[in-house]
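This is the structure I have questions about; it appears just below.
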Number of protein chains: 2
Amino acid sequence: MTEATRRERLRAETEREIRQAARALLVESGRDAVTLRAIARKLGITAPALYRYYDSHDALLRQLCDDICADMAAALYADLAADTSGEVGCQVRAVCHAFRRWALAHPQEFALVFASPRDPIGADQFGSVFLQLAGQLIASNLVATHSDDEVPEVLHEDLVAFQQVLVDAVSEHGVTLDDGVLNLGKIYHVVQSWVRLYGHVALEVFGRFPFAVSNPEPMFDSMLDQMLTDIGFSA
Amino acid sequence: MTEATRRERLRAETEREIRQAARALLVESGRDAVTLRAIARKLGITAPALYRYYDSHDALLRQLCDDICADMAAALYADLAADTSGEVGCQVRAVCHAFRRWALAHPQEFALVFASPRDPIGADQFGSVFLQLAGQLIASNLVATHSDDEVPEVLHEDLVAFQQVLVDAVSEHGVTLDDGVLNLGKIYHVVQSWVRLYGHVALEVFGRFPFAVSNPEPMFDSMLDQMLTDIGFSA
DNA sequence: GAACTCTTGTAAACACCGTTCACTGAAACC
DNA sequence: GGTTTCAGTGAACGGTGTTTACAAGAGTTC
């Protein structure tokens, strides 16, 4: 089984430690604290040694982004699995709550991954949980049917592209969707929901509500209720 | 009129140049390029001289945030003034469009001001345009009346606080509101609108929509239409 | 005008940063 | 056993924020 040579094992272990150290620095002291020298110091090696593993400081940060995405996805899946109701509405609610909880517990990671003007985000696993769930959500006929004519024609092209993304995401988890189920109206509503979910969470994490919020959780719940109602779920 | 001494004038001028240089660096090369030494280089002085004007690099960044907020407010007011329809609905639309346009044209500034896990934002002028307009919007009876009972009771305390913020913001511009006009239901809808506006703009600026958007503008228009409809305006 | 203070800038230094390069020593391979 | 591969080192370069001691001019006081 373990075809890895001794050298390969050691290398993999060191790489794991590098990621772990980088992550710890980000959490403890923010983005600017994730320096090559600080990471090396944590491992008891020197900074240039890190260049045996990453081409540059920037490449290491990108890897960090990917790790964060993977961890977030795992957290969201865990909360999704904890929901045993079997109802899609409850599952959506669980994942949205999990997203908010994760963002509030990991503000630095959230800022790095979701609110940086970076070009190449790890789009592969980014939000795969959302996509999968969104696909299932649309597939379930609980969502009110919206005619394709409701959405402006200029958006059709983009939404068709998103349609394909959703089909791919869901089929990766072994579920195939009928063509007719995924109409553009429904897809449009999912995008609108993402806007509201992301908007609320980001505003909360960055403290950019126009007034001091003392009870953020019920406000989130309230937004979620409205969002689900608008999609076609009853609260 | 000019009671400022010669020394004071020189100092003010230098301070102006510092802000200007810092701003240029942010726009041209991003947050990490706003360096004390780079600023000093632009002014033809040395870095320690900047400590005669700011306590630290961080203090300078905070000042930069305030400047950005002020400039954005000016841009939004300009676009608001350009709207001569006299209808609040059109004014809201104009300001929302102006916000999106500003954010897309100034991604670095937007990221720094609206998406940084910083504690002390220049909340004074932050979004004063929004607040003023929101107050007027609520005051106009075009907005459908929503009962206070619609919003969960846990939110009342926070919304009352926001109510006061709105009243103050509007009264600063010489308009006084009747008590009854500003009910909690309406205020709640304004908060929800801010969530959607901010969410959409941030997602667009940071490129975090779950698919490549080729026509972002009509998608924004569509969101705006829905938002205004939900508030109580007709499209 | 001379003496004084206050202000604005400089130069040098410190510790830190990303990155490059020549190098060592040990593991892996033939 | 000899050779190659490779993780890691140490020194160096130019960059950063920040502190300190010091110079020189502007403003003030006598």
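Not measured: the values here are computed from a predicted model. Sequence lines set the chain letters: A, B, ... in the order given, protein chains first and strands last, and positions in each chain run from 1.
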- prompt: To the nearest angstrom, how far is B:Arg52 atom CZ from D:dT19 atom C1'?
  reply: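 Computing the B:Arg52:CZ to D:dT19:C1' distance gives 11 Å.
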
query: Does a nitrogen or oxygen in the side chain of B:Arg11 sit under 4.0 Å from OP1 or OP2 of C:dT8?
result: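 So the side chain of B:Arg11 is within the cut-off, an N or O lying under 4.0 Å from OP1 or OP2 of C:dT8.
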
field: Length of the NE2-P vector between A:His57 and C:dC16, whole Å
entry: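 Taking NE2 of A:His57 and P of C:dC16, I get 16 Å after rounding.
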
task: Examine A:His200 together with A:Phe209 and report whether their ring centres are nearer than 6.0 Å.
output: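 When the ring centroids of A:His200 and A:Phe209 are compared, they turn out to be within the sub-6.0 Å range.
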
message: In whole Å, I'd like the distance from the CG atom of B:Asp58 to the P atom of D:dT18.
response: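 Interatomic distance, CG of B:Asp58 to P of D:dT18: 8 Å.
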
task: Round to the nearest Å and state the distance from B:Glu13 atom CD to D:dA26 atom P.
output: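 Going from B:Glu13 (CD) to D:dA26 (P), I get 17 Å.
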
Value in whole Å for how far the C1' atom of D:dT16 lies from CG of B:Leu50: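 In whole Å, D:dT16 C1' lies 13 Å from B:Leu50 CG.
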
query: Rounded to the nearest Å, what distance is computed from the CG atom of residue B:Asp32 to the P atom of nucleotide C:dG18?
result: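 Distance, rounded to whole Å: 11 Å.
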
Face-on cation placement of A:Arg100 at A:Phe220 ring, 6.0 Å and 45° thresholds: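 Yes - A:Arg100 lies over the ring of A:Phe220, closer than 6.0 Å to its centre and within 45° of its axis.
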
- prompt: Does a nitrogen or oxygen in the side chain of A:Arg41 sit under 4.0 Å from OP1 or OP2 of C:dA15?
  reply: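 No, no such contact exists.
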
- prompt: Phosphate oxygens OP1/OP2 of C:dG18: is one of them under 4.0 Å from a side-chain N or O of A:Ser56?
  reply: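 So the side-chain polar atoms of A:Ser56 never come under 4.0 Å of the phosphate oxygens OP1 or OP2 of C:dG18.
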
Nucleotide nearest B:Arg37 (side chain, heavy atoms from C-beta), chosen from D:dG17, D:dG8, C:dT10: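 For the B:Arg37 side chain, the nearest candidate turns out to be D:dG17.
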
message: Can a donor-acceptor pair be found, under 3.5 Å and without considering hydrogens, that links the side chain of B:Thr35 to the backbone of B:Ala38?
response: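 Flag not set: sc B:Thr35 to bb B:Ala38 has no pair under 3.5 Å.
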
message: I need the CG-P distance between B:Leu10 and D:dA26, as an integer number of Å.
response: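 The answer, rounded to whole Å, is 10 Å.
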
- request: Tell me which nucleotide among D:dG10, C:dA12, C:dG9 gets nearest to the side chain of B:Ala49.
  value: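 So the nucleotide nearest the side chain must be C:dG9.
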
message: As a test of understanding, state which of A:Leu159, A:Leu155, A:Asp158 forms a side chain to side chain contact (heavy atoms under 4.5 Å, CB included) with A:Leu184.
response: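 Of the listed options, the one satisfying the test is A:Leu159.
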
task: Ignoring backbone atoms, establish whether A:Thr46 has a side-chain N or O less than 4.0 Å from OP1 or OP2 of D:dG8.
output: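 So the side chain of A:Thr46 is outside the cut-off, no N or O lying under 4.0 Å from OP1 or OP2 of D:dG8.
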
message: Looking at B:Asp66 and B:Arg62, is there a salt bridge between them, counting it only when a charged N and a carboxylate O are closer than 4.0 Å?
response: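 Result for this pair is no, no salt bridge flagged.
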
- prompt: Within the structure shown, what part of the strands sits under 4.0 Å from B:Tyr51 by heavy-atom distance: base, sugar-phosphate, or nothing?
  reply: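 Result for B:Tyr51 = base.
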
task: Just call it for B:Tyr53: base, sugar-phosphate, or nothing, with non-hydrogen atoms closer than 4.0 Å on any strand.
output: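 Sugar-phosphate: the residue B:Tyr53, judged by heavy atoms under 4.0 Å, touches backbone atoms but no base.
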
- prompt: How close or far is atom C1' of C:dG9 from atom CD of B:Glu15, stated in whole angstroms?
  reply: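 It works out to 16 Å between those atoms.
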
